[in-house]
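Presented below is the structure to which this report refers.
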Amino acid sequence: MAIINNLAFLAFSGGESSGGLLDVNPGLIFWTVITFVLLLVILKKMAWGPILNSLDEREKLIKDSIEKAEKNQADAEKLLEENKVNLARAEEEAQKIIEQGREYSDKLKAQMLEESKSEARKMITEATSEIERKNQEAFNNLKDQVADIAIDAAEKIIRANLDKEKQTKLINEYLEDLNKN
Amino acid sequence: MELKTSTAIQDTLQQAKGDVGSDWIMHHILDAPYFQFEPFNAIPLPHLSLFGFDISITKHVVFLWLVAILLIVAFKIVSNAYKKSLVPHGFANFMEVLIVFVRDDIAKPTIGKGYEKFLPYLLTVFFFILFSNFIGLVPNGATITSNISVTVTLAVISFLVTQAGGIMKNGAWGYFKGLIPSGVPAWLLPIMFVVEILGLFTKPFALAIRLFANMTAGHIIIFALIGLIFFMQTYLVAPVSIAFAIFIYLLEILVATIQAYIFTMLSSLFIGMAVHQDH
């Protein structure tokens, strides 16, 4: 009983003494309002404005940089793709040109070969006919000469036929002449 | 006999209260008209009055200004750090983490569109409470947030900012009409009106009491634990007292941070609810 009494006393007196805890002090409220409002104004002007601006600026810079990098990468990829296509096309073109050149050179070679062959054939034909002609001419000449010689010899034989001795002498002379010639 | 004993015990207790009772705890927590940096003598502070109101400079006013000066100096340093480089390091970087936290994790999700207008207020109140709470944890420092006058003032400012934000966004009539949720039957309107107006004022009341009680309770527990040594007049209790006091002190560091966050978060939430009433 006494204990409860004492505890009650303690609690009660404790409560009484801490009554100041919930006291509202108008002076402190006044100073708090003034200080807080001034602090808000000063910090807004001096700190929050510049700091938040810097943060925004930095964030924008980072965002822009990333966007730019992404765009650059996309561009580079596109360029690479284009280059690849161009390269493939160029290679194809080159292949075609080489093919064409080879074809052309083959054709040219064949043509030239054909031409030279036909030329050679013509030349051979010409030479053959020339030879034929010359042969014919030489043969004709020879024939004429042989005929002339025969006629000549026959004439001389007939002329010297009067005496045998003279005849022999004549023949010898003639032969000698012939030899000399 | 019993009565006599009881009286004697009460006398003893009263005597004890005078010496080692709860008064010395209150002495540390309550405001005082002098500034004392123990173990030095107390310096009396000027007594002022304005239009009959007592606006004396008290211990808590001194600490209020100390917090304000510290905040201005700290954020001047941070602000200057940004002039040198867009990516500051050290102290400025640490403060930036907190600023970005208030912006991205408190203001942006709770207010949404148009949060930029309220950001300076939220940042100021966050850092003001944070610095106040931590200065209260420094030995010889006074916790201004454990004074109900300060927390009530902060809550009222938060209330005014909330109402101003709501009225500026929705117009005075639209704002008060929007307080009552749509689709309520007509006969419920008088009751809803009373409930909503009541709700309007309970929010800052809860803000003020929450901050005040949290910051006061921890300090009282620490003082009570230390006081146990003197109250029981034995050294044997000292290790337990000190161990628990240190534990509570560490808890207080957590509470100091969390309360700054909660006050700002709830203020931001109320602003968001006032600005965007449709949801």
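Being a predicted model, the structure only gives us computed values, none of them experimental. Numbers restart at 1 for each chain; the letters A, B, ... are given by sequence-line order, proteins then strands.
With a 4.5 Å cut-off on non-hydrogen atoms, B:Leu64 touches chain A through its backbone and its side chain both. Both the backbone and the side chain of B:Tyr121 come within contact range of chain A, with heavy atoms under 4.5 Å apart. Looking at B:Glu116, neither its backbone nor its side chain comes within 4.5 Å of chain A, counting heavy atoms on both sides. With a 4.5 angstrom heavy-atom cutoff, B:Ile157 touches chain A only via side-chain atoms. The contact between A:Ser54 and chain B is made by backbone and side chain atoms together, counting heavy-atom distances below 4.5 Å.
Residue B:Phe205 places its CZ atom among 12 or fewer non-hydrogen atoms of other residues, nucleotides or ligands, all under 6.0 Å distant. Residue B:Phe91 places its CZ atom among more than 12 non-hydrogen atoms of other residues, nucleotides or ligands, all under 6.0 Å distant.
A side chain to side chain contact (heavy atoms under 4.5 Å, CB included) with A:Thr32 is found for one member of B:Val61, B:Val150, B:Val152 and no other, namely B:Val150.
Residues A:Phe36 and B:Thr153 form no side-chain contact, since every pair of their non-hydrogen atoms from C-beta on lies 4.5 Å or further apart. Proximity of A:Leu55 to B:Tyr82: side-chain heavy atoms (C-beta onward) are separated by under 4.5 Å at one or more points. A:Val33 places none of its side-chain heavy atoms less than 4.5 Å from the side chain of B:Val156. Between A:Lys44 and B:Thr124, the closest side-chain pair of non-hydrogen atoms is not below 4.5 Å.
A:Leu39 contributes atom CG, which lies 13.5 Å from atom CH2 of B:Trp65 (distance to the nearest 0.5 angstrom).
Ranked by heavy-atom pairs under 4.5 Å with chain A, the list B:Asn80, B:Val67, B:Val125, B:Ile144 is led by B:Val125.
B:Pro120 and A:Leu40 get closest at one heavy-atom pair: O-CD1, 3.6 Å. The minimum heavy-atom distance linking B:Leu71 with A:Leu43 is given by the pair O-CD2, 4.0 Å. Shown here for A:Met46 and B:Phe75, the closest heavy-atom pair between the two residues is CE-C, 4.0 Å. Looking at every heavy atom in both residues, A:Leu28 comes nearest to B:Ser149 through CD2-CB, 3.9 Å.
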Scan the side chains in residues 103-121 of chain A for donor-acceptor partners under 3.5 Å anywhere in the protein, sequence neighbours excluded, and list what turns up.
unit_1	atom_1	unit_2	atom_2	d
A:Ser105	OG	A:Gly101	O	3.4
A:Ser105	OG	A:Arg102	O	2.8
A:Ser116	OG	A:Met112	O	3.1
A:Ser116	OG	A:Leu113	O	2.8
A:Ser118	OG	A:Glu114	O	3.4
A:Ser118	OG	A:Glu115	O	2.8

N/O donor to acceptor pairs below 3.5 angstrom from side-chain atoms of residues 135-151 of chain A, sequence neighbours left out:
none

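Checked for salt-bridge contact, B:Arg103 and A:Glu59 meet the test: a charged N lies under 4.0 Å from a carboxylate O.
Donor-acceptor pairing under 3.5 Å is lacking for the side chains of A:Trp48 and B:Ser79.
Listed in order of number, the residues of residues 207-220 of chain B that approach chain A to under 4.5 Å between heavy atoms are B:Phe212, B:Thr216, B:Ile220. At a heavy-atom cut-off of under 4.5 Å, chain B is reached by no residue from residues 91-98 of chain A.
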